[in-house]
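This report refers to the structure that appears directly beneath it.
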Amino acid sequence: MYIEVLVIAIIIAFVILYRKNTGDNSYKFIAKTVGNTYEKYAPYSFKVVREKAKELGQEYTTRQYVIQIAIFGIGAAFVAYLYFYSIIWSIVYACLAIVAIPYLTYMRCKKAYSEFIFEQIQVYTTNVIMEFNTTQSFVKALEGVRDSQVLEEPLLSDVKEMIQMSYENGTIDEAIRFMNEKYDYYVIKNMHQLFLQITKEGSKDSGEALEGMLQDIDMLVESVYRDRIDRTTFYKQFCTFGVALYLLVLLVQLLLGNDSYLQLIEQWYVLILLHGVILINTYFLLSGIKYYHEDVGAE
């Protein structure tokens, strides 16, 4: 009896250590998520990101949602039955899996929105620099970008707000502070800081400095897209192995025999351990999913 309990405890330890090591060695996503609520990392409402995902053609259809519900429900019920041989627990875990779908939907839409915003930030910074090289005025550069129709909402409205604030205050300080606070991207902050220096102190080498900034933007974009490819590869492997960990109970049953396993799960503490295996693996699986959908290019 104690040997069987020890085997299950080892499985729990293995799940924890694997997830911890995976996060540390690959992207260290666990350290970013432990102790922080999901809302802290959700600056946009579900309605906003979902509407943008629909515009970008990345939102699921009704048929896709039905298939997702069926897969999650049937999959969770199957896993729960393997662990507990109980219809009741199968229903409970199936319902819990289905309840998690809105969270996954938000994560998927948030990723689409985040990637869209990053692309707009790239367009904003690049075009403001090019316009400044022509006009030698930050406000005029903003007006040129506004009128060029290269920006979409919400950045277009934000640029209009910056222009209005600059004229009302007579300086660009408040407008830059507004944009820096709204979009936490270091490429924006660095570009704005450069424009502040040029505007207030003047610079004979502003063209060279701005050219260097354009190169920094190109390097950032390249880095972000490379990271996106790496994340996708890691994510597929992560999810595959995460799902496989749920099936380790089959190994336990193979080692013990079905009859011995059925006797084992009659013990309350064994049931707690088995629930722990499912919940711990699910927590880290969701943590990995969350990391994969984190903001692109933001600090």
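When hydrophobic clusters are built by joining Ile, Leu, Val, Met, Phe, Trp and Tyr residues whose side-chain heavy atoms come closer than 4.5 Å, directly or via intermediates, Tyr186 is grouped together with Leu214. Using a 4.5 Å cut-off between side-chain heavy atoms of Ile, Leu, Val, Met, Phe, Trp and Tyr, with links allowed through other members, Leu56 and Ile121 fall into the same hydrophobic cluster. Hydrophobic clustering keeps Val99 apart from Leu285 (ILVMFWY residues linked when any side-chain heavy atoms are closer than 4.5 Å, directly or through intermediates). A continuous path of Ile, Leu, Val, Met, Phe, Trp and Tyr side chains, each step under 4.5 Å between heavy atoms, connects Ile278 with Trp268, placing both in one hydrophobic cluster. Under a hydrophobic clustering in which Ile, Leu, Val, Met, Phe, Trp and Tyr are joined whenever their side-chain heavy atoms come within less than 4.5 Å, directly or via other members, Val249 and Leu262 fall into the same cluster.
With respect to Glu153 and Lys52, no salt bridge is recorded, no charged nitrogen being found less than 4.0 Å from a carboxylate O. In summary, Glu115 and Lys111 engage in a salt bridge, as defined by a charged side-chain N under 4.0 Å from a carboxylate O. Salt bridge Arg50/Glu59: present, at least one basic N to carboxylate O contact under 4.0 Å. One finds no salt bridge joining Asp230 and Arg226 here, because no Lys/Arg side-chain nitrogen approaches an Asp/Glu carboxylate oxygen to under 4.0 Å.
For the atom pair Thr135 OG1 and Leu142 CG, the distance stands at 9.0 Å (nearest 0.5 Å). Expressed to the nearest 0.5 Å, how far OH of Tyr124 lies from CG of Leu155 amounts to 8.0 Å. For the atom pair CG (Leu156) and CD (Gln149), the distance works out to 9.0 Å, reported to the nearest 0.5 Å. Atom CZ of Arg146 and atom CD of Glu131 lie 11.0 Å apart (nearest 0.5 Å). The line from CD1 of Ile272 to CD of Gln267 is 11.5 Å long, rounded to the nearest 0.5 Å. Interatomic distance, CZ of Phe178 versus CD of Gln164, reported as 10.5 Å (0.5 Å rounding).
Side-chain polar atoms of Tyr85 and Asn258 form a donor-acceptor pair below 3.5 angstrom. Using modelled atom types and a 3.5 Å distance limit, the side chains of Tyr246 and Thr282 yield a donor-acceptor pair. One side chain, Asp158 or Tyr183, offers a donor N or O that lies under 3.5 Å from an acceptor on the other.
Nearest heavy-atom pair across Val187 and Met213 is O-SD, 4.5 Å. Nearest approach of Ser90 to Ala77, heavy atoms of both residues: OG-O, 3.2 Å. The shortest heavy-atom contact between Arg108 and His293 is CA-CD2, 3.6 Å. The shortest heavy-atom contact between Gln58 and Ala112 is OE1-CB, 3.4 Å. When all heavy atoms of Pro154 and Phe116 are compared, the closest pair comes out as CD-CE2, 4.2 Å. Across every non-hydrogen atom of Phe118 and Val224, the tightest pair is CZ-CG2, 3.6 Å.
Proximity of a side-chain donor or acceptor of Gln253 to a complementary backbone N or O of Leu82 within less than 3.5 Å is detected. Judged by distance alone, with hydrogens and angles left aside, the side-chain atoms of Thr125 form a donor-acceptor pair with the main-chain N or O of Gln122 at under 3.5 Å. With hydrogens and angles ignored, the 3.5 Å screen pairs a side-chain donor or acceptor of Asn169 with a backbone N or O of Met165. Remark: the backbone N or O of Val145 is paired with a side-chain donor or acceptor of Ser148 at under 3.5 angstrom. For Tyr106 (side chain) and Val49 (main-chain N/O), no donor-acceptor pair under 3.5 Å exists by modelled atom type.
In this structure, Glu168 places its CD atom where more than 12 heavy-atom neighbours from other residues, nucleotides or ligands lie under 6.0 Å away. Counted within 6.0 Å of OH on Tyr235, heavy atoms from surrounding residues, nucleotides or ligands total more than 12; the atom is thus considered enclosed. For Lys140, the NZ atom counts as loosely surrounded, since its 6.0 Å shell holds 12 or fewer non-hydrogen atoms of other residues, nucleotides or ligands.
Taking the centre of each ring, Phe132 and Phe195 come in below the 6.0 Å mark. Between His275 and Tyr93, a ring centre-to-centre spacing shorter than 6.0 Å is recorded.
Leu104 has its side chain within reach of Leu286: a pair of non-hydrogen atoms, C-beta onward, lies under 4.5 Å apart. Side chains of Thr105 and Tyr60 form no contact here, defined as non-hydrogen atoms less than 4.5 Å apart. Between Glu152 and Val123 there is no side-chain heavy-atom pair separated by less than 4.5 Å. Counting heavy atoms from C-beta outward, Tyr185 and Asn180 have side chains that stay 4.5 Å or more apart. Between Asn127 and Met130 the shortest side-chain heavy-atom distance falls below 4.5 Å. Contact of the Phe138 side chain with the Met162 side chain is registered, since non-hydrogen atoms from C-beta on lie closer than 4.5 Å. A heavy-atom distance below 4.5 Å is found between the side chains of Leu245 and Leu248. The shortest side-chain heavy-atom distance between Asp216 and Asn190 does not fall under the 4.5 Å cut-off.
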ask   = What's the verdict on side chain to side chain contact (heavy atoms under 4.5 Å, CB included) for Val159 and Val128, showing C-alpha distance, side-chain angles and the deciding distance?
value = CA-CA 10 Å; Val159 169; Val128 168; over 6 Å; no
task = Could you walk me through whether Arg231 and Asp227 pass the salt bridge (Lys or Arg N to Asp or Glu O under 4.0 Å) test, one step at a time?
result = CA-CA 6 Å; Arg231 285 193 189 206; Asp227 178 70; 2.8 Å; yes
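Ring geometry for Phe84 against Trp89 counts as tilted: the plane angle lies between 30° and 60°, on a 0 to 90° scale.
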